[in-house]
Amino acid sequence: MNSITTKSALILGAALSAGGALAATPAPTTNPYVAGDMHNHNICQDGSVSAVRSIDRAVGSGSTNGATNFNLDWFTLGNHGGNGNRDCRFDDTNVGAGAYNAVPSPVQYWSQTLGQAINLDGVYGGPGSVVISALKGTPNGTGTSQTMWHWQMAQDIEYPAVVDRSAKYQKVLVEGLEWVTPGHEHTDVAIVKGQTPLKAKKGNANAIAEFEYRFDRADGDVIGPVDANGASIWTGKDAVNNAGTAGHGKTIAAVSWLQANYPVHSYAIPTHSERQGAFNPTGTKGFDINHFRDMNNAAPTVAFGIESPGHAAQGGLTGGSGSYGSGAVGGGTYGMTGIYHAKVGGLWDGMLSEGRNTFMFISSDWHSRGSFGAGDGSTDSDFIPGEYSKLYVANKVGFSSKAIVRSMRKGNSYSVMGDLVGNDLTFRAKTASTDWVGMGDTLVAKPGEKVTVEMTVTVPKHNNSPYSFANPLLAQLSMSQPLNTPDLDHVDLISSPITGVVAPSDPHYGTDANGVAPVGGVAGAALVYNPNAVVAQVPVTSMTKKALANGAYQITFKRTYTMGSQPFYVRARGTNIPNGTPNVSDAAGNPLLDLNNALVSCTDAACPAHLAVSGGVKKVTYDVQAWSNLWFYTNPIFVRPVGSAQLLVEKNRALAATLGGELED
């Protein structure tokens, strides 16, 4: 018997009976959560639009030159560390770009624009023009290959873009970084301390610039900014240990630096962590579970999560969604999500079974639309931030950049694909003797008490899909559900006992629960890090359903657990995909390898011409695949018995509070 009851009887209560569609009531006018994007790119590195154009498309409303904007509430502008040779005040041009991508002018190289007065919109001599007179730091490249180091881009181009567009849209914008992590894949980092673009245009991005210079393995600059005497200001850089085990040591030094200097103003969230396969002790591959544990141990209020991959429209006949190839851990994505999050009992459940503050986040990882232009409706690569994926964080009066970090750090956030659910999610738990607690919180209950878990959320009427033909994955089940009006099929409640923190000396610190070492490819999907995780599925037909005046509807359900002698957690995920959908989900509703989606034909006359073809037939690939296969994920609620020791998640939240994490600057 486990801490909840028995594995086969975790759920003791029943959902509220379905009430059917009630008389339409007014749609909610408040938004308890606000949508944003934490990972995207622009011309400063390998993106396709300028820094300000990336912001415009993400947070602007309506349309610009015929291209839809996606009205996000907050946005973190980011690029890889290292260097770039393109002046990111300009847009790229490519076939199919359309009018939007040709405005205001094609891309220019730094070698062509140094010393020229140019504004952030790429207009020579335009209002607000600035002159970039020199490329700072160690010289790198010649001619059009001459590059600017990222730390200078952050200070001279990207942060000014953040300031300019913050004022224009009156929204919270942040200068971030996709850190090219020593010894590993990449990590999303932000340091909001000092960034105050909405406060009379004050502030700077010096902190994130310094972090990139010191710790990014792609940054070969050994000079950095200099003082009036030409002496380097940021001294003591480790420019050697960038790969393998030594590189991981530098990564731990980096997150420790964040913990020491910006413990409640920063985050470091590994991204597309499965993509390069398992960790290579002499290379720069993925993150294994011991590396996530190391980071959380070294930086408990900074390294508090794992990000699921973007690049949702890259899936072709041989896979590729998420930009994951066959060598990725798991061999690809599962329900447009990496295997670390998608597998019940997988790596994320392994971290949560320790009671760790390890939360899930989602992003667009926007670079380009592949063979299409940035203003086009179709894509065979990436989505614009806010178009497909949304990361919801808690709203509050005086919402700020620190509030974004706080909500993420506390786990009070959830991740949504294709607007499957809206911005009003309530996922909470209580007993008869306690108040409600929400995502990331810990409920303390008496052994034997009933713990009620409740979810309420709106299912919107429409999403941003340009396609109104029936979902071809669901057509296999004779279902007709237009891609731009997806419907929720069910919600999974995933729960497990919490068995305690795994110490670095434990033989399973770097393996799965059976002692199996991490491995890339499809074999990586077989690893079980938490054999105690179980699923209780709630069909939408068993939920209370309320029609809203705007054509959307709101669902509510409750389930009951019994508090045992051990702590436990419960998290939720939902999808539009029924159990046993051929080539999409197994009989229990778990997502299959997304490569299998391409075995399904797209036969509607409206199926777009760019879909991959096999045997003369269009297949469910690229953006049609992404719009067909939708999921949302909540972060967990933790529960422990009265009188038991605090969980690590509680201790780390208390640490953040003592460091000023609950205070506004």
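Side-chain contact between His184 and Pro270 is absent, with no heavy atoms from C-beta onward closer than 4.5 Å. Counting heavy atoms from C-beta outward, Ser495 and Val534 have side chains that approach closer than 4.5 Å. Side-chain contact check for Tyr267 versus Met38: some heavy-atom pair is nearer than 4.5 Å. Residues Tyr334 and Lys343 are not in side-chain contact: their nearest non-hydrogen atoms beyond the backbone lie 4.5 Å or more apart. At least one side-chain heavy atom of Leu473 sits under 4.5 Å from a side-chain heavy atom of Val620. Between Trp74 and Asn395 the shortest side-chain heavy-atom distance does not fall below 4.5 Å. The shortest side-chain heavy-atom distance between Val437 and Val639 does not fall under the 4.5 Å cut-off. Counting heavy atoms from C-beta on, the side chains of Thr284 and Gln276 never come closer than 4.5 Å.
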From CA spacing to verdict: side-chain contact (heavy atoms from CB on, under 4.5 Å), Phe427, Ile637 | CA-CA 8 Å; Phe427 183 51; Ile637 300 168; 3.8 Å; yes

Check the pair Ser273, Phe292 against side-chain contact (heavy atoms from CB on, under 4.5 Å), reporting the backbone distance first and the verdict last.
-> CA-CA 10 Å; Ser273 306; Phe292 296 124; 3.7 Å; yes

Run the numbers on Arg571 and Asp349 for salt bridge (Lys or Arg N to Asp or Glu O under 4.0 Å), then give the verdict.
-> CA-CA 10 Å; Arg571 62 182 180 90; Asp349 280 321; 2.9 Å; yes

Given side-chain contact (heavy atoms from CB on, under 4.5 Å), test Trp436 with Thr426 step by step and report yes or no.
-> CA-CA 11 Å; Trp436 291 105; Thr426 297; over 6 Å; no

Given Asn635 and Tyr569, is the side-chain hydrogen bond (donor to acceptor under 3.5 Å, both in side chains) satisfied, shown in steps?
-> CA-CA 10 Å; Asn635 276 313; Tyr569 69 86; over 6 Å; no

Stepwise side-chain contact (heavy atoms from CB on, under 4.5 Å) test for Leu483 and Ser628 = CA-CA 6 Å; Leu483 290 177; Ser628 298; 3.4 Å; yes

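In this structure, Asn280 contributes its side chain and Lys285 its backbone to no donor-acceptor pair below 3.5 Å. Between the Asp623 side chain and the Thr379 main chain, a donor and an acceptor come within less than 3.5 Å of each other. Under the 3.5 Å distance criterion, the side-chain polar atoms of Thr634 are matched with a main-chain donor or acceptor of Ala572. With Asn576 contributing its side chain and Leu630 its backbone, the two residues share a donor-acceptor pair below 3.5 Å. A donor-acceptor pair is defined here as one N or O able to donate and one able to accept, closer than 3.5 Å; no such pair exists between the side chain of Asp37 and the backbone of Phe75. A donor-acceptor pair under 3.5 Å is formed between the side chain of Arg57 and the backbone N or O of Thr68. Between the side chain of Arg275 and the backbone N or O of Ser323, no donor-acceptor pair lies under 3.5 Å. Within the 3.5 Å criterion, the main-chain N or O of Asn471 finds no donor-acceptor partner in the side chain of Gln481. Listed for the Asn464 side chain is a donor-acceptor partner under 3.5 Å among the backbone atoms of Glu387. Although no hydrogens or angles enter the test, the distance criterion places no donor-acceptor pair under 3.5 Å between the side chain of Ser542 and the main chain of Val538.
For the atom pair CZ of Arg573 and CG of Leu420, the computed distance is 13.0 Å after rounding to the nearest 0.5 Å. Atom OG1 of residue Thr485 and atom NZ of residue Lys461 lie 9.0 Å apart, to the nearest 0.5 angstrom. Here CE of Met439 is found 12.0 Å from NZ of Lys410. Values are rounded to the nearest 0.5 Å. One distance of note links CG of Asp188 with CD of Glu307; it measures 4.5 Å at 0.5 Å rounding. Rounding to the nearest 0.5 angstrom, the gap separating the NE2 atom in His341 from the CH2 atom in Trp348 is 5.5 Å. Here the straight-line distance linking atom CE of Met455 with atom CD1 of Ile555 works out to 6.5 Å at 0.5 Å rounding.
Checked against Tyr340 for a side chain to side chain contact (heavy atoms under 4.5 Å, CB included), the options Ile289, Leu347, Leu527 give a single hit: Leu347.
For His39 and Phe361, the distance between ring centers is not under 6.0 angstrom. Taking the centre of each ring, Tyr392 and Tyr33 stay at or above the 6.0 Å mark. Within the 6.0 Å centre-distance limit, the rings of Phe383 and Trp627 are counted as a close aromatic pair.
Under 3.5 Å, the side chains of Ser321 and Gln314 contain no donor-acceptor pair of N or O atoms. For the residue pair Gln625 / Asn597, a side-chain donor-acceptor distance below 3.5 Å is found, with atom types taken as modelled. In this structure, a donor-acceptor pair under 3.5 Å is present between the side chains of His41 and Asp365. Counted by atom type alone, His272 and Glu178 present one or more donor-acceptor pairs between their side chains at under 3.5 Å. Side chains of Ser364 and Asn40: a donor-acceptor N/O pair is absent below 3.5 angstrom, by distance only.
Heavy atoms only, all atoms of each residue included: Asn579 and His490 are closest at OD1-CE1, 3.4 Å. Considering all non-hydrogen atoms of both residues, Pro582 and Leu477 come closest at CD-CD2, 3.9 Å. The nearest pair of heavy atoms linking Phe359 to Arg409 is CE1-O, 3.2 Å. Here the closest non-hydrogen pair linking Ala470 and Ser480 is CB-OG, 3.9 Å. The shortest non-hydrogen separation linking Arg356 to Phe638 is O-CZ, 3.7 Å. Between Asn514 and His508 the shortest heavy-atom distance is C-NE2, 4.3 Å.
Taking the six-membered ring for Trp and thresholds of 30 and 60 degrees, Tyr467 and Phe469 have ring planes inclined between 30 and 60 degrees apart.
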Cut-off 3.5 Å, no hydrogens considered: what does the side-chain donor-acceptor table look like for residues 598-606, sequence neighbours left out?
from	atom 1	to	atom 2	distance (Å)
Ser601	OG	Lys619	NZ	2.9
Asp604	OD1	Ala606	N	2.8

